[in-house]
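Presented below is the structure to which this report refers.
Throughout, protein chains are lettered first and strands after them, A, B, ... in sequence-line order, and every chain is numbered starting at 1.
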Amino acid sequence: MASLAQKLTEIVGAAFAAEGLSAELGLVRVSDRPDLCQFQCNGAMAAAKAAKKNPREIAQTLVQALQDHPALARIEIAGPGFINLDVTDAFLAAHIKSNADSDTLGVEPVGAGRTIVLDYGGPNIAKPMHVGHLRSSIIGDSLRRICAFAGYRAIGDVHMGDWGTPMGQILSELEARGRLGQPVTMDELEEIYPAASRACKEDENRAEQARAATVKLQDGDPVYRAAWQQFIDVSIAGMKENFDALGVHFDLWKGESDVHERIAPMVETLKTAGLAVESEGAVVVPVAREDDKKEMPPLILYKRDGAVMYGTTDLATVADRVEAFSPAAILYVVDQRQSLHFEQVFRAARVTAIAPEEQVELTHAGFGTMNGQDGKPFKTRAGGVMKLQDLIAMAVEKAQARLEEADLAADMDQAERDDVAHKVAVAALKFADLHNNRVADYVFDIDRMTRFEGKTGPYLLYQAVRINSLLNKAKGAGLDVPENPTFAIKAEDRALALALAEFPDHFRLALENYTPHVLCDYAYKLAQDFSSFYGACHILSEEDEQLRASRLSLCALTYRQLVLILGLLGIQVPARM
RNA sequence: GUCCCCGUAGCUCAGCAGGAUAGAGCACCGGAUUCCUAAUCCGGGGGCCGUGGGUUCGAAUCCCGCCGGGGACACCA
């Protein structure tokens, strides 16, 4: 099991090896000139460079050796030394069949037996979630699904900001209002938090009280702990509404507070080992190296006033995760602007052997800013930060309007229509976010992303639903999709079959580079290739029974693959619309 | 000041493990429906790949400089 290109790589690689060349040079990939050939291998040119020989001569030898290979319909030299290949339809059909028979559609479980922890979402207690949390949530959740599909034990941790100065500020504000000990609602918190923060900024007295409250909380004062726990519960309930609406899942609801107990012993150990030192009144882990080209400030564990920083909790959290899960990797899906911070934390984790390099990969999968159409960070019309729930509501409203315009979902009852609108909205939001290169900033345009035409989430849902409808119609007409399909490849089927065979290649790229956008592009290509196929042949009225069965099987496989890929992006497909 | 990211069609973006004629979507122009969801499909126009050098048989891709945009740079997260 593998992609078609991988199978061809084995064949061509063996031919390279037989000529005494490196098998790696036999890398075959889908041709970027589909008008010339289906697949290409550029290894002869690289081999020629190394051996200082004529590339066409080397290519000629290989082509001769592979001339009669049963998998190949055609193999020839082109240009300066490209090797162009086409597979036989029989080989293609057999390959498609092996994918259809595979639970994973040909993807190999490279992560089996290994664990990966993903850190995304990152909401803050007492603050409503806003658009800044959208990208982290969407990208992180998709990566979690991708890792899980690759066989990893993929653990998503929401890693809430539930500790430190802001908590003390809220507690002291509650105390000042005589509300300490009384339950608060999320709406109240949304007002209390900024008020508390403002008060501490303006009034040194209040700031001092907040610091004292922070210390009391962290020392375990029962009244403070109880009040804190109450507004944490309220906040989490609010977060869950947002995450549920988006279909973003977490396995762990941990926060910064969960590592509080680890911090003091950790710092003591590091000090004893001489890895943490005092500097300018603070306790830091120096992480600069001699060969650094840039300034690399140390990671601060204790501030001058003795309080911990987010670097401290992040380092302790690495230790916690390593201890609890022995992960092969920890992935942080956090704003690109924090790249220096993570470099400091990662270096500290290496230098202290909390996470040795040969044991655990530490990766910051950063992402760019979500901008408005003016290219500046996305804001509401009034210029404020848009709440996530408002944004979702806006998308749902837009989706409803689009469905109505298109006269889709018209014969459904209200509940199903609402469900479809919601799925369309989430598909629009997620696809628009994920289809961009992660690290680049992207322009948020609600009108564009909710359209049913073009490269959008709704278009992909439409295509998938259309295939499902066709399959249902076939069933209704007594034309069953064979359980054990045999594929017949004719001219009209070939492009779709070849496209289906690419899935493992795109999946591997998405996994290795943590780039869901690769899957977005591929899903779109697949949908388009299906549409061309669908336009080129009328399936249900095909009189050749074998061909009709094959085409129905091709439809079924495309549907399954499309639903699977969208699922990896966190997008659900409605049964109809 | 140092460092990081970005700069590709009018707009939004792929391509950056060096390869053939740089691709999509939107918008624009022209076609296609007695039939499975036409919100679709087929075709067309549109590009000094920011810029100047270098490496290479070959550069959007690698290296150096410059310009433009964004960001970060010990006690906030």
Side-chain N,O (A:H517) to OP1/OP2 (B:G15) below 4.0 Å: yes
Base of B:A24 paired with side chain of A:Q528 (donor-acceptor, under 3.5 Å): no
Side-chain N or O of A:T165 closer than 4.0 Å to phosphate OP1/OP2 of B:C76: no
Nearest to side-chain heavy atoms of A:E512, which nucleotide of B:A17, B:G19, B:C13: B:A17
Presence of A:K376 side-chain N/O under 4.0 Å of B:G69 phosphate oxygens OP1/OP2: no
B:C5 OP1/OP2 closer than 4.0 Å to side-chain N/O of A:S339: no
Sole residue of A:D314, A:T313, A:V308 in side-chain contact (heavy atoms from CB on, under 4.5 Å) with A:V259: A:T313
Close aromatic pair by centroid cut-off 6.0 Å: A:Y522 and A:F507: no
Whether A:W228 and A:W163 hold their rings parallel, tilted or perpendicular, with breakpoints at 30° and 60°: perpendicular
Donor-acceptor pair under 3.5 Å, A:K49 side chain vs B:G58 base: yes
Touch class at under 4.0 angstrom, heavy-atom based, for A:R448 against every strand present: base
Euclidean distance for P, B:C49 against B:A9 (whole angstrom): 9 Å
Cation-pi check, A:R466 onto A:Y534 ring (under 6.0 Å, within 45° of axis): yes
Nearest-angstrom distance from the residue atom CG of A:N42 to P of B:U56: 20 Å
Parallel, tilted or perpendicular: rings of A:H133 and A:H130 (30°, 60°): tilted
Check: B:A77 base within 3.5 Å donor-acceptor of A:D314 side chain: no
Sugar-phosphate only, base, or nothing, as touched by A:M309 at under 4.0 Å among non-hydrogen atoms: sugar-phosphate
Length of the OH-P vector between A:Y462 and B:A38, whole Å: 4 Å
Touch class at under 4.0 angstrom, heavy-atom based, for A:N472 against every strand present: nothing
B:A38 OP1/OP2 closer than 4.0 Å to side-chain N/O of A:R466: yes
Inter-nucleotide C1' distance (B:U8, B:G47), Å rounded: 8 Å
Per-nucleotide pairing state of RNA chain B [Watson-Crick or G-U, under 3.5 Å; [ ] pseudoknot-crossing; | other strand]: (((((((..((((.....[...)))).(((((.......))))).....(((((..]....))))))))))))....
Contact under 4.0 Å: A:Y442 side-chain N or O vs B:C5 OP1/OP2: no
